[in-house]
Amino acid sequence: MPRFAANLTMMFTEHPFPQRFAAAARAGFGAVEFLFPYEHAPAEVASWLRESGLANVLFNMPPGDWAAGERGLASLPGREAEFRAGVVRALEYAQALGTPRLHVMAGLVVPGAAPGIQRALYVDNLRHAARAAAQHGVTVLIEPINTRDMPGYFLSTQAEAHAIREEVGEPNLMVQMDLYHAQIMEGDIATKLRRHLDHIGHIQIAGVPARNEPDDGELDYRYLFRLLDELGYAGWVGCEYRPRGRTEDGLGWMRGIGA
């Protein structure tokens with residue numbers, strides 16, 4: 001079975017964020033991920049990880065003004081300086097937390113933008129981020145996100161993500177494959193895992209369509225976990241789902257699926 005990392009942005013929300021680390025450890029997780037750590041000092045977050053005996057496997061680079069609806073800066077014209085400052089800030093946190101992977105959010109499609117402008121900028125910004133991250137041994141990830149949950153997101157399919165990865169051409173740029181997003185946009189999950197696994201740097205899961213525990217919905221995760229074992233996936237699987245109730249009460253799926 002894969003190794004599971006609790007997503008502390010979505011899970012254990014019955015606790016304040018600093019207490020979610022210990023809650024995840026008590027529940028049996030060995031690692032965590034979260035969207036953004038920037039409301040807290042790096043030393044604080046590092047102490048929560050250390051005290052709980054957890055590894056941090058992933059967080060996102062600064063996304064712009066999240067509260068105002070921004071969902072990343074990497075493809076947005078005129079925001080290059082802010083994006084590059086965010087790369088520096090994220091790497092500072094990654095070094096403090098021992099985080100090996102950072103997700104770069106693309107941003108939303110800009111209405112009226114000339115064709116190709118956003119893509120070219122996205123490629124340039126990703127190349128910059130990957131080269132900066134390589135100096136610290138960090139992998140940069142891009143993630144296709146479904147347009148039902150995030151209308152207008154610039155990157156939404158596996159094929160697009162891998163084409164951009166190839167165009168950027170940096171060895172430490174990989175794709176973050178969230179099986180929930182991929183199922184909503186495309187389906188054919190097993191075939192895509194077989195085709196792309198060598199270039200997938202992180203996997204996430206949730207039930208489809210409601211984004212609850214992975215034992216609820218249309219995806220057969222028992223089969224997919226066996227496939228990941230067959231294919232030799234050695235990375236973490238992030239549990240980026242919204243529990244139906246109290247997080248601990250819904251963790252029976254790990255035992256039921258055989259984790």
Walk me through it: do Tyr153 and Asn146 pass the test side chain to side chain donor-acceptor pair (under 3.5 Å)? CA-CA 8 Å; Tyr153 193 71; Asn146 82 76; over 6 Å; no
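- To the nearest 0.5 Å, atoms NZ (Lys192) and CD (Gln158) are separated by 7.5 Å.
- Atom CG of Asp178 and atom CD1 of Ile145 lie 8.0 Å apart (nearest 0.5 Å).
- Within a 6.0 Å sphere centred on CD of Glu39, heavy atoms belonging to other residues, nucleotides or ligands number 12 at most.
- In summary, Arg89 and Glu82 do not engage in a salt bridge, as defined by a charged side-chain N under 4.0 Å from a carboxylate O.
- Panel note: side chain Glu240, backbone Met10; no donor-acceptor pair is recorded below 3.5 Å.
- Ring centroids of Phe154 and Tyr122 are separated by less than 6.0 Å, placing the two rings close together.
- Relative ring orientation between Phe225 and Trp253 is described as tilted, the plane-to-plane angle lying within the 30° to 60° band.
- Atom CD in Glu70 sits 11.0 Å away from atom CE in Met105 (nearest 0.5 Å).
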Which is it for Leu91 and Val88 under the side-chain contact (heavy atoms from CB on, under 4.5 Å) test, yes or no, and what are the steps along the way? CA-CA 5 Å; Leu91 286 170; Val88 172; over 6 Å; no
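- Between the CZ atom in Arg194 and the CG atom in Leu227 there is a gap of 5.0 Å [rounded to 0.5 Å].
- Ring pair Phe36/Phe59: centre-to-centre distance not below 6.0 Å.
- Rounding to the nearest 0.5 Å gives a distance of 12.0 Å between CE of Met150 and OG of Ser156.
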For Ile189 and Leu219: C-alpha separation, side-chain torsions, deciding distance, then whether side-chain contact (heavy atoms from CB on, under 4.5 Å) applies. CA-CA 9 Å; Ile189 300 298; Leu219 277 177; 4.0 Å; yes
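- A salt bridge is defined here as a Lys NZ or Arg NE, NH1 or NH2 lying under 4.0 Å from an Asp or Glu carboxylate O, and Glu160 with Arg165 fails to meet this definition.
- Salt-bridge check for Asp229 with Arg226: failed, with every basic side-chain N at 4.0 Å or more from each acidic carboxylate O.
- Ion pairing between a basic and an acidic side chain is recognised when a charged N comes within 4.0 Å of a carboxylate O; Arg119 and Glu167 show such pairing.
- Ring-plane geometry between His40 and Phe17 is classed as parallel, the angle between the planes falling under 30 degrees on a 0 to 90 degree scale with a further cut at 60.
- Of all the heavy atoms in Thr9 and Leu35, the pair that sits closest is OG1-N, 2.8 Å.
- The residues Arg26 and Glu248 are annotated as not salt-bridged, no charged nitrogen and carboxylate oxygen being separated by less than 4.0 angstrom.
- The CH2 atom of Trp236 sits 11.0 Å away from atom CD of Glu33, with the distance rounded to the nearest 0.5 Å.
- The shortest heavy-atom contact between Leu197 and Leu231 is CD2-CB, 3.4 Å.
- Between Trp48 and Phe21, the ring planes lie tilted relative to each other; the angle falls in the 30° to 60° range.
- The residues Arg71 and Asp65 are annotated as not salt-bridged, no charged nitrogen and carboxylate oxygen being separated by less than 4.0 angstrom.
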